[in-house]
Amino acid sequence: MRPIRLPEPPSPSLGVPEIFENGAYSVIRRAVVIGNGFPGSENQSLGLIHALGLADNHVLYRVTRPSGGINEWLRWLPVSLHKILYSIIMRIYSYSRFIVSRGKKLAPLPLENRGSVGLSSILEADSKQIVNMARESYEKDGPLLVVASGRDTISIASSIKRLASEKVFLVQIQHPRSDLSRFDLVVTPRHDYYALTPQAQEQIPRFIRKWITPHETPDQHVVLTVGALHQIDFAALHSAASTWHDEFAPLPKPLLVVNIGGPTCRCRYGTELAQQLSAFLTNVLVNCGSVRISFSNRTPKKVSNIIIKELANNPKVYIWDGEEPNPYMGHLAWADAFVVTADSVSMISEACSTGKPVYVMGSERCTWKLADFHKSLRERGVVRPFTGSEDISESWSYPPLNDTAEVARRVHDVLAERGLRVRP
């Protein structure tokens, strides 16, 4: 197995003035994570909590939208307005069905979010409840760290900060676009500011720029990253290497791991990319010992079917069938090289945290800030395009992406400036 190059996790940079050292109010011992139900988003918050040493002392709340049917057309609305409009639609729908039925018994409405129709079906984070908890436990447990990620969490997270300003330290992950003073720290990738570049400004009409760009350049509230935060660190990789030893150690080397996501609005592709990827993988099989392929939940069937049809019968290739246990962590720990589709910032960031060769497929299909993300990785020498002519046995390296640890260090520094520190 190729040595894992990820540096040792940094020790907390405390720097706490002595006057605060014994003060109960100076120590953060617990955290609240506010998520939006999307693994890629929540994983960023959990990764930061883990890096701060609070993985065993946090509570997860969710701001969850109604799903299915008309709700897919309402996702562009702010979550609070979405819920109100959805409730009104359901009431009108229920009333109209009652009129048409003329008293006949109706079949129940389809369930949303595995619950009853309407707002009762939503697992909702309650800002007042969290504020009360922060206040009531402040003298015993000190300030509360709140970490939120995604636009649907912005309103509730900022409300918590506004209602309990001195008792809460708030970190918002992903750019909230405006009024950064609502947060103690904002963590966002550099490519979120692509919209403010001269090149981007030329691509959008002036009258809609304020709706799709951050309103100001980064200030002292902002911590910029290269990619997405995650939970992959030195300890996690070594643990996975041990857990998956019996399955991966006997495999012929080099081991190429292929992670396939799914098209997005900023990276569109279909069967043509699947066919091209299959052909490229067939070309490099000659210098691979083993190839393991995984699909994500977003991978369209038409894409996965082509990959399976073209490669499943090759003795060097194993395609994960989606059944548990998920080998993803084992792949990160044992792979000699990666091929990752360009759509997923999270999967690319995690692969690049290992320091091993990462080849990206389809980045030429990406637009806007996602294209800027790939450009920045190539300029850093972190990734290379996958062309099908690679010698997978060739080794090349780079300084691994370590965004999560660097953000955790920045959180420690800001806390220290305020006389605070994290102690699990």
Quiz item: Got a second to check how far Leu277's CG is from Ile260's CD1, nearest 0.5 Å?
Solution: 5.0 Å

Quiz item: Within the distance-only criterion (no hydrogens, no angle test), does the side chain of Asn57 pair as donor or acceptor with the backbone N or O of Arg29 below 3.5 angstrom?
Solution: yes

Self-check item: Residues Asp184, Arg418; criterion salt bridge (charged side-chain N to carboxylate O under 4.0 Å, His left out); working and verdict
Solution: CA-CA 11 Å; Asp184 292 296; Arg418 304 184 186 186; 2.5 Å; yes

Quiz item: Phe386 vs Tyr359 aromatic rings, parallel, tilted or perpendicular, using cut-offs 30° and 60°?
Solution: tilted

Practice problem: May I ask you to check whether Phe248 and His331 place their ring centres under 6.0 Å from each other? | Solution: yes

Practice problem: Before giving the answer on salt bridge (charged side-chain N to carboxylate O under 4.0 Å, His left out), spell out for Arg292 and Glu247 the whole-Å C-alpha distance, their side-chain angles and the decisive distance to 0.1 Å. | Solution: CA-CA 12 Å; Arg292 291 182 65 104; Glu247 180 168 345; 3.0 Å; yes

Quiz item: Sub-3.5 Å donor-acceptor pair from the side chain of Thr341 to the main-chain atoms of Gly261, do we have one?
Solution: yes

Practice problem: Check whether NZ of the Lys or CZ of the Arg Arg384 lies under 6.0 Å from the centre of the six-membered ring of Trp396 and within 45 degrees of that ring's axis. | Solution: yes

Practice problem: Establish, from distance only, whether the side-chain atoms of Asp126 and Tyr61 form a donor-acceptor pair under 3.5 Å. | Solution: no

Quiz prompt | Donor-acceptor pair, side chain of Gln201 and main chain of Ala195, under 3.5 angstrom | solution = yes

Exercise. Using a 4.5 Å cut-off on heavy atoms from C-beta on, say whether the side chain of Tyr328 contacts that of Met347.
Key: yes

Quiz item: Do you see a donor-acceptor pair shorter than 3.5 Å between the side chains of Ser304 and Thr299?
Solution: no

Exercise. Look up atom CG in Leu281 and atom CD1 in Ile293, then write down how far apart they are to the nearest 0.5 Å.
Key: 5.5 Å

Exercise. Decide yes or no for Leu237 and Asp233: does some side-chain heavy atom of the first lie under 4.5 Å from some side-chain heavy atom of the second?
Key: no

Quiz item: Out of Gln231, His50, His230, which one pairs with Asn43 under the side chain to side chain donor-acceptor pair (under 3.5 Å) rule?
Solution: Gln231

Quiz item: Counting only N and O atoms by type, is there a donor-acceptor contact under 3.5 Å from the side chain of Ser137 to the main-chain atoms of Lys140?
Solution: no

Practice problem: Any chance you could measure Asn36, atom CG, to Thr153, atom OG1, to the nearest 0.5 Å? | Solution: 6.5 Å

Self-check item: Check: Tyr138/Glu166 side-chain N/O donor and acceptor closer than 3.5 Å
Solution: no

Quiz item: Is there a donor-acceptor pair closer than 3.5 Å between any side-chain N or O of His58 and the backbone N or O of Ala55?
Solution: yes

Exercise. Could you tell me whether Lys369 sits above the aromatic face of Tyr194, with NZ or CZ closer than 6.0 angstrom to the six-membered ring centre and within 45 degrees of the axis?
Key: no

Quiz item: Hey, is the main chain of Leu332 close enough, under 3.5 Å, to the side chain of Lys356 for a donor-acceptor pair?
Solution: yes

Quiz item: Does Ser242 reach the main-chain N or O of Ser239 with its side chain, forming a donor-acceptor pair under 3.5 Å?
Solution: no

Self-check item: Modelled atom types, side-chain donor and acceptor of Thr387 and Glu390, under 3.5 Å
Solution: yes

Quiz item: Do the two ring centres, one from Trp368 and one from His191, sit under 6.0 Å apart?
Solution: no

Practice problem: Would you please say whether a donor-acceptor pair under 3.5 Å links the side chains of Ser181 and Asp179? | Solution: yes

